[in-house]
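A short write-up of the structure that comes next.
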Protein chains: 2
Amino acid sequence: MVARMHDSTSPRKGRTGRPRSAEADRAILDATRAALVDLGWGKLTMGEVAARAGVAKTTLYRRWANKNELVVDAVAVLFDELELPDRGCLKSDIEGVVLQFGALLARPETKTALMAVVAESTTDNALRERIRSAIVDRQKRLVVLGRERAQQRGELPPDSPGAEGALAATQAVGLIFDVIAGAIVHRTLVSSEPVDPAWAHSFSTLLLTGLVGLG
Amino acid sequence: MVARMHDSTSPRKGRTGRPRSAEADRAILDATRAALVDLGWGKLTMGEVAARAGVAKTTLYRRWANKNELVVDAVAVLFDELELPDRGCLKSDIEGVVLQFGALLARPETKTALMAVVAESTTDNALRERIRSAIVDRQKRLVVLGRERAQQRGELPPDSPGAEGALAATQAVGLIFDVIAGAIVHRTLVSSEPVDPAWAHSFSTLLLTGLVGLG
DNA sequence: CCAGTTACGCTACGGGTCGTAGCGTAAGAG
DNA sequence: CTCTTACGCTACGACCCGTAGCGTAACTGG
């Protein structure tokens with residue numbers, strides 16, 4: 001479980017008075033995901049979510065300022081389930097995480113919500129920060145972990161020492177992250193084709209051996 | 001120039017009566033892009049576009065059924081400018097198209113609109129088809145072209161003959177397309193970092209030599 | 001030149017959503 | 001028991017949607 005950074009849903013610390021209903025929090029986030037499945041992003045309304053959650057509309061606005069932030073929190077918890085079990089070699093590790101992320105993106109609520117909030121974040125810096133800390137950083141850790149493991153196995157060269165080595169490592173992690181996550185998102189949402197084991201195999205082959213290894 | 005497939009904007013063929021104003025078409029699409037820059041996707045309204053274009057709101061609805069389809073057409077023409085000049089080797093060709101696509105996605109109107117309509121397309125099949133023919137297929141041709149060139153140069157192995165070879169080639173094109181376009185989109189929109197020559201170089205190196213070549 | 005046809009600008013409208021304010025009530029803290 | 005905060009409920013103005021109706025403008029075929 002990951003600590004909430006943006007405490008829209010956590011109780012005000014050390015406060016007196018009636019505490020916020022944790023049950024209402026859960027009901028609202030569940031209702032948001034369910035409504036996303038049924039209605040999609042565009043037709044999702046705050047009133048609809050409130051009705052499904054059995055909660056007054058004002059209760060939603062006491063926690064989240066608008067639809068964007070609510071949906072980010074509703075979807076973010078889904079990313080907690082991503083893991084990187086050690087499968088013995090880099091290629092297997094990659095295929096495993098690709099399939100996990102593909103399965104997560106195959107869900108209708110993730111599919112319809114993720115790109116919508118990303119699109120909104122292009123004109124809303126606060127929302128972009130929220131997405132970064134709630135979703136992106138959580139995924140990026142998997143890349144760092146997988147890379148370290150591969151280096152210990154000798155499958156990848158170790159980082160150069162010193163400050164410039166650390167910088168290069170950071171850039172490499174960023175590049176790999178964009179390539180992996182971007183490819184999965186693009187295949188799922190734009191190409192509308194499944195991230196299945198066969199594709200994960202081809203993709204990891206490309207990633208490890210480059211274009212010439214595809215033939 | 002590419003022929004419009006979805007003739008929301010083209011005149012009804014062989015019709016009598018007053019023809020549609022081509023000037024109004026242009027003004028509406030220009031106003032849509034400008035409004036996207038200023039307002040973003042979420043706050044863009046049909047009335048606002050009509051006012052900016054100096055056109056009645058009803059004129060918009062005579063051409064496009066809703067905001068999604070309007071924005072797809074407004075943004076699609078931007079993708080016409082993508083080209084693949086022959087720079088002599090595969091690596092240079094890749095870097096060239098990566099930088100072009102990166103520059104296109106760096107525009108605010110592209111950035112904010114593209115992901116929004118993709119998100120909507122997850123619950124709207126007609127919209128997904130429109131995006132595919134107006135935007136995606138137009139980009140995919142560049143991958144096909146670049147791959148053929150590289151094969152003629154001997155930089156990539158030729159396709160196997162027969163039906164299964166053609167299938168493998170189609171899958172390879174799809175994979176490469178998702179990897180390239182996905183990585184650029186992800187870096188621009190999610191990571192919020194620029195697609196500059198240095199990144200294009202690192203990316204094309206990764207693409208050609210695989211992960212081990214990054215160190 | 002004239003009738004027929006279609007597009008345009010304008011106005012108006014019902015319906016829906018937004019986000020907020022105000023109220024009485026419910027639930028813990030001291 | 002009192003203080004403080006959250007809750008449900010209602011109501012509200014503001015905004016946007018998408019359409020209908022009208023008179024006018026533009027182009028076509030006879």
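Residue numbers start from 1 in every chain, and the chains themselves are labelled A, B, ... in the order their sequence lines are given, proteins ahead of strands. What you see is a predicted model, and the numbers here were worked out from it, not measured in a lab.
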Separation of [X] atom [atom1] from [N] atom [atom2], in whole Å?
| X | N | atom1 | atom2 | answer |
| --- | --- | --- | --- | --- |
| A:N66 | C:dG19 | CG | P | 7 Å |
| B:W64 | D:dC17 | CH2 | P | 15 Å |
| B:I28 | C:dG9 | CD1 | C1' | 12 Å |
| B:R63 | C:dT6 | CZ | C1' | 12 Å |
| B:L60 | D:dA20 | CG | P | 17 Å |
| A:Y61 | D:dT10 | OH | C1' | 16 Å |
| B:D25 | C:dA7 | CG | C1' | 12 Å |
| B:L70 | D:dG18 | CG | P | 11 Å |

To the side chain of B:M46, which of C:dC8, D:dG8, D:dC17 is closest?
D:dC17
What's the closest nucleotide to the side chain of B:T16 if the choices are C:dC8, C:dT5, D:dC7?
C:dT5
Indicate, yes or no, whether a donor-acceptor pair under 3.5 Å links the base of D:dG18 to the side chain of B:K57.
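Such a pair exists between side chain and base.
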Find out whether [X] and [Y] are in side-chain contact, i.e. whether some heavy atom of one side chain is under 4.5 Å from a heavy atom of the other.
| X | Y | value |
| --- | --- | --- |
| B:K111 | B:R107 | no |
| A:I94 | B:L211 | yes |
| B:R128 | B:S133 | no |
| B:R187 | B:P194 | yes |
| A:R147 | A:D159 | yes |
| B:H186 | A:F177 | yes |

Does [X] have a side-chain nitrogen or oxygen under 4.0 Å from the phosphate oxygens OP1 or OP2 of [N]?
| X | N | result |
| --- | --- | --- |
| A:R18 | D:dG8 | no |
| A:R62 | C:dG19 | no |
| A:R20 | D:dA6 | yes |
| A:T59 | D:dG8 | yes |

A:A56 vs B:T45, nearer the 5' end of DNA chain D by closest nucleotide
A:A56
Is B:R63 paired with B:D25 through a side-chain N to carboxylate O contact shorter than 4.0 Å?
yes
Touch class at under 4.0 angstrom, heavy-atom based, for B:T58 against every strand present
base
With DNA chain C as reference, determine whether B:G54 or A:K43 sits nearer its 5' end, using the nearest nucleotide of each.
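Result: B:G54.
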Quick one: bend of the helix from C:dC1-D:dG30 to C:dG30-D:dC1 from 5 pairs per end, to 10°?
20°
Keeping to residues at least two apart or across chains, list the salt bridge (Lys or Arg N to Asp or Glu O under 4.0 Å) pairs with something in residues 27-36 of chain A.
A:R26-A:D30, A:D30-A:R33
